[in-house]
Asks: 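Right, I'll just put the structure down here and ask away after.
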Amino acid sequence: HKYVAAQYLKDWEMKVERVGNMNYPEAAAKKYFSGTLTIAVTINADGSLHGISIIHSSGNPALDEAAKQIVRMSAPFAPLPLELLKQLNPKILGITRIWKFSDESMTAK
């Protein structure tokens with residue numbers, strides 16, 4: 001079950017990073033810019049977006065909003081695997097990640 005969850009999270013991160021890097025926020029496109037924030041995302045069993053919140057702001061409201069927009073653009077996600085759903089009650093997956101924007105690229109860890 002841990003492998004299934006880890007693989008789902010890895011696939012989610014790859015999709016969000018790909019969408020984020022293709023739609024890099026203008027607020028972060030300045031040379032030598034860097035900003036870090038912590039975002040929490042909840043996903044319904046069918047892969048639809050349940051919610052998004054910023055846990056720790058980057059200090060730049062435009063960047064925080066861009067991060068939320070990247071998640072919205074990335075949705076829907078893959079449906080949650082049955083093995084993972086068995087462990088969730090309610091049937092919603094929460095993902096919290098630190099996002100770093102720097103030199104025109106984004107990473108989620």
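Because the structure is a prediction, the values reported are computed rather than measured. Computed over heavy atoms, backbone and side chain alike; hydrogens, waters and symmetry mates excluded.
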Asks: Would you say Met73 and Asn23 make side-chain contact, with heavy atoms under 4.5 Å?
Replies: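 Yes - at least one pair of side-chain heavy atoms lies under 4.5 Å apart.
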Asks: Is there a side-chain contact between Arg97 and Leu9, using heavy atoms and a 4.5 Å cut-off?
Replies: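 The answer is yes; the side chains approach within 4.5 Å.
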Asks: How close do Gly94 and Thr42 get, heavy atom to heavy atom, and via which atoms?
Replies: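 Looks like CA-CG2, 4.1 Å.
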Asks: Quick check: closest heavy atoms across Asn60 and Ala62, and the distance to 0.1 Å?
Replies: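 Shortest heavy-atom contact: OD1-N, 3.0 Å.
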Asks: Nearest 0.5 Å, please: how far is CD1 in Ile52 from CD in Glu65?
Replies: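 It is 8.5 Å, given to the nearest 0.5 Å.
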Asks: For Lys100 and Gly35, indicate whether the former's side chain and the latter's backbone hold a donor-acceptor pair under 3.5 Å.
Replies: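 A pair under 3.5 Å: no.
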Asks: Side-chain contact test, heavy atoms from C-beta onward, threshold under 4.5 Å: evaluate it for Leu93 versus Ile95 and give yes or no.
Replies: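 Of all side-chain heavy-atom pairs linking Ile95 with Leu93, at least one is under 4.5 Å.
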Asks: Can you give me the closest heavy-atom contact between Ser58 and Asp64, atom names plus distance?
Replies: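 It is OG-OD1, 2.7 Å.
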Asks: Going by ring-ring contact (aromatic ring centres under 6.0 Å, His included), name the pairs with one or both residues in residues 63-82, residues two or more places apart or in two chains.
Replies: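 Non-adjacent pairs meeting ring-ring contact (aromatic ring centres under 6.0 Å, His included): Trp12-Phe77.
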Asks: Taking side chain as C-beta onward, heavy atoms only, is Thr96 less than 4.5 Å from Ile39?
Replies: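 Thr96 does not reach Ile39 side chain to side chain.
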Asks: Quick one: do Thr38 and His56 satisfy side-chain hydrogen bond (donor to acceptor under 3.5 Å, both in side chains)? Show the steps, please.
Replies: CA-CA 5 Å; Thr38 304; His56 294 289; 5.0 Å; no
Asks: Looking at Ser74 and Val19, would you say the former's side chain and the latter's main chain have a donor-acceptor pair under 3.5 Å?
Replies: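 A pair under 3.5 Å: no.
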Asks: Could you check if a side-chain atom of Trp99 sits within less than 4.5 angstrom of a side-chain atom of Ile54, using non-hydrogen atoms only?
Replies: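 Side-chain contact under 4.5 Å: no.
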Asks: Quick one: side chain to side chain contact (heavy atoms under 4.5 Å, CB included) partners of Met14, sequence neighbours excluded?
Replies: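 By the side chain to side chain contact (heavy atoms under 4.5 Å, CB included) rule, Met14 matches Lys10.
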Asks: Between Ile98 and Thr36, is there a side-chain heavy-atom distance shorter than 4.5 Å?
Replies: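 Thr36 vs Ile98: side chains touch.
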Asks: Provide the closest heavy-atom pair for Tyr8 versus Pro81 in the form atom of the first, atom of the second, distance.
Replies: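 Where Tyr8 meets Pro81 most closely, the heavy atoms are CD1-CD, 3.7 Å.
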Asks: Under the 3.5 angstrom rule, does the side chain of Asn44 hit a backbone N or O of Asp46 as a donor-acceptor pair?
Replies: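 Between the backbone of Asp46 and the side chain of Asn44 there is no qualifying donor-acceptor contact (under 3.5 Å).
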Asks: List the steps and the verdict of side-chain hydrogen bond (donor to acceptor under 3.5 Å, both in side chains) for Gln7 and Asp11.
Replies: CA-CA 6 Å; Gln7 186 62 52; Asp11 292 345; 2.8 Å; yes
Asks: Is the closest side-chain heavy-atom distance between Leu37 and Ser57 below 4.5 Å?
Replies: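 Leu37 does not reach Ser57 side chain to side chain.
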Asks: Do the non-hydrogen side-chain atoms of Leu80 and Lys91 ever get within less than 4.5 Å of each other?
Replies: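 Leu80 vs Lys91: side chains apart.
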Asks: Check whether Leu88 and Leu49 end up in the same hydrophobic cluster, where Ile, Leu, Val, Met, Phe, Trp and Tyr are linked by side-chain heavy atoms less than 4.5 Å apart.
Replies: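 Yes, Leu88 and Leu49 fall within the same hydrophobic cluster.
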